[in-house]
Amino acid sequence: MPTALLRPQSFVDADGVGEWWIASDLDELALGTELPADHVLGVGGASRTLAELIVPVPVSRALDLGTGCGIQALLVSRHAGEVVATDVSTRALAFAALNARLNGVSNITFRQGSMFEPVVGEAFDLIVSNPPFVITPRVDGVTAYEYRDGGLIGDALVEQFVREAPAHLTPGGIAQLLGNWESLDSVGGLERLESWIGAGLDAWVIQREELTPLAYAELWIRDGGTTPREAAFGRMLEAWLDDFSARGVTAIGFGYVLLRRAADGLDPLRRFETLSQPLSAPGRALRDGLAAHDVLGAGIPQTLVTASDVTEARHYMPGNDDPSVIELRQGGGFGRIVAADSALAGFVGACDGELTVAQIAAALADLFEVPLAELWNELEPRIRELVRDGFLVAGE
Ligand SMILES: C[S@@+](CC[C@H](N)C(=O)[O-])C[C@H]1O[C@@H](n2cnc3c(N)ncnc32)[C@H](O)[C@@H]1O
């Protein structure tokens, strides 16, 4: 009789391709029944999402809060001096410790406890968490799965994390988590999230999707192994919808939160955006975005280079010689597309790292026969935007 799953798990990081062996509890397919409340999840879609998001920078101390089978701790252990992995579940910690031993990883220590309790008074350069953020009604007949549900009401666990994490960051330290947040009748989810984050912190929140209460409830009822064919499905759906309606919830957002203890004296980064397009290597894109924010803190660099993944698309009305739409497109990272006018497109086209920003702007002012100050007023904020988003990078 099998007692656990053992699966190979490939990964790619700055040091190349590798593979872990990951042990976790039997899933519902293997069990043939609903999961028990103390189920320890293997590597799932959310685990992989967080793994790809983690900013790939070497750090001295890292924390993986809610480690489960230990996958994030293992990945982070490759670029951290030491990792502390915590969980409320003794069963999860046993699997995580087993997985560290199975894979010959010795720089992770394991601690039991809720949220930041096991690390009171300690600070980390990197905190990662795929926390139990799933919103669950607190009524009989709805199982509170340890692996996905922190036992609080609504999105209070995400709020608690976001409020408490900064006290555990070293200067420049980064915290990254996945989460759900509720939009209420009176206030949007991203606005609520923003209000939980201290004003002096860098914050970059990317909302990936928003579900209606009904779609959200169905998703998580099915995730627990209950199908619409079962009578329990309808009862659970009602419980979820009642819970949402009691708080006036109109939609539930899912996305990524990055917090950084900002360097003193710099304006903090505050970005709350919705991106639904596919992202490639988002961890690197976040790292580069943070670096670009820091660069811009000192002003626009003297020379700029157009990033190698940027292309330009021009659209013409039939028969017209002048384009009616010019778009700059990013091939990698966040795959952003921005509209440009001829002057901005000309500027980006000339950014080869040789000519200075001032020289390019002066040449364009001559070409378009407009006063330089006027052109610069229009170009300057757009250039900042393009540096911030990685279309333009600082020259040598
Ligand atoms: C969604 S799983 C994430 C597992 C793993 N880190 C991953 O990325 O696949 C959430 C984990 O948080 C743990 N957990 C639940 N409540 C917690 C709490 N209050 N404090 C810390 N961990 C908690 C669960 O036991 C579970 O292992």
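Indexing begins at 1, ligand by ligand and atom by atom, following the structure's order.
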Looking only at distances, can you tell me whether any N or O atom of Arg148, backbone or side chain, sits closer than 3.5 Å to an N or O atom of ligand 1?
no
Worksheet item: Hey, are Glu380 and Arg382 close enough for a salt bridge, meaning a charged N less than 4.0 Å from a carboxylate O?
Response: no
Of all protein heavy atoms, the one nearest atom 20 (N) of ligand 1 is Met115 N, 2.8 Å
shortest atom 18 (C) of ligand 1-to-protein heavy-atom contact is with Val88 CG1, 3.6 Å
(request) Report yes or no: does Gly113 have a heavy atom closer than 4.0 Å to ligand 1? (result) yes
Closest to atom 10 (C) of ligand 1 among protein heavy atoms sits Tyr147 O, 3.1 Å
Between Ser47 and ligand 1, does any nitrogen or oxygen pair lie at a separation below 3.5 Å?
-> yes
Between Glu122 and Arg111, is there a salt bridge with N-O shorter than 4.0 Å? yes
Ligand 1 contact by Thr67, heavy-atom criterion under 4.0 angstrom: yes
re atom 4 (C) of ligand 1, the protein heavy-atom contact at minimum distance is Gly66 O, 3.5 Å
Checklist entry - So does Arg247 pair up with Asp155, basic N to acidic O under 4.0 Å? => result no
With the threshold set at 4.0 Å, does a side-chain nitrogen-carboxylate oxygen contact exist between Arg271 and Asp202?
no
Counting heavy atoms under 4.0 Å, the part of Ile71 that contacts ligand 1 is side chain
For Ser89, the atoms of ligand 1 under 4.0 Å from one of its heavy atoms are 25 (O)
Worksheet item: Backbone or side chain, does any N or O of Asp64 fall under 3.5 Å from an N or O of ligand 1?
Response: no
The ring pair (Phe, Tyr, Trp, His ring centres under 6.0 Å) partners of Phe161 (sequence neighbours excluded) come to Phe116
In this structure, atom 3 (C) of ligand 1 is nearest to the protein heavy atom Asn130 O, 3.2 Å
For atom 24 (C) of ligand 1, the closest protein heavy atom turns out to be Glu146 O, 3.1 Å
- Query: Any nitrogen or oxygen of Ser114, main chain or side chain, under 3.5 Å from a nitrogen or oxygen of ligand 1?
  - Reply: yes
Heavy-atom gap Asp87 to ligand 1 smaller than 4.0 Å
yes
message: What I want to find out is whether Asp13 reaches Arg78 closely enough, with some N-O distance under 4.0 Å, to be called a salt bridge.
response: yes
The salt bridge (charged side-chain N to carboxylate O under 4.0 Å, His left out) partner of Arg336 among Glu327, Glu385, Glu273 is Glu273
Has Val43 got any heavy atom lying under 4.0 angstrom from an atom of ligand 1?
no
Quick one: do Arg384 and Asp389 make a salt bridge, cutoff under 4.0 Å?
no
min-distance protein heavy atom vs atom 8 (O) of ligand 1 -> Gln72 NE2, 2.9 Å
Check: With a 3.5 Å cut-off and no angle check, do the side chains of Tyr216 and Asn180 form a donor-acceptor pair?
Finding: yes
Residues passing the side-chain hydrogen bond (donor to acceptor under 3.5 Å, both in side chains) test with Arg222, sequence neighbours excluded, are none
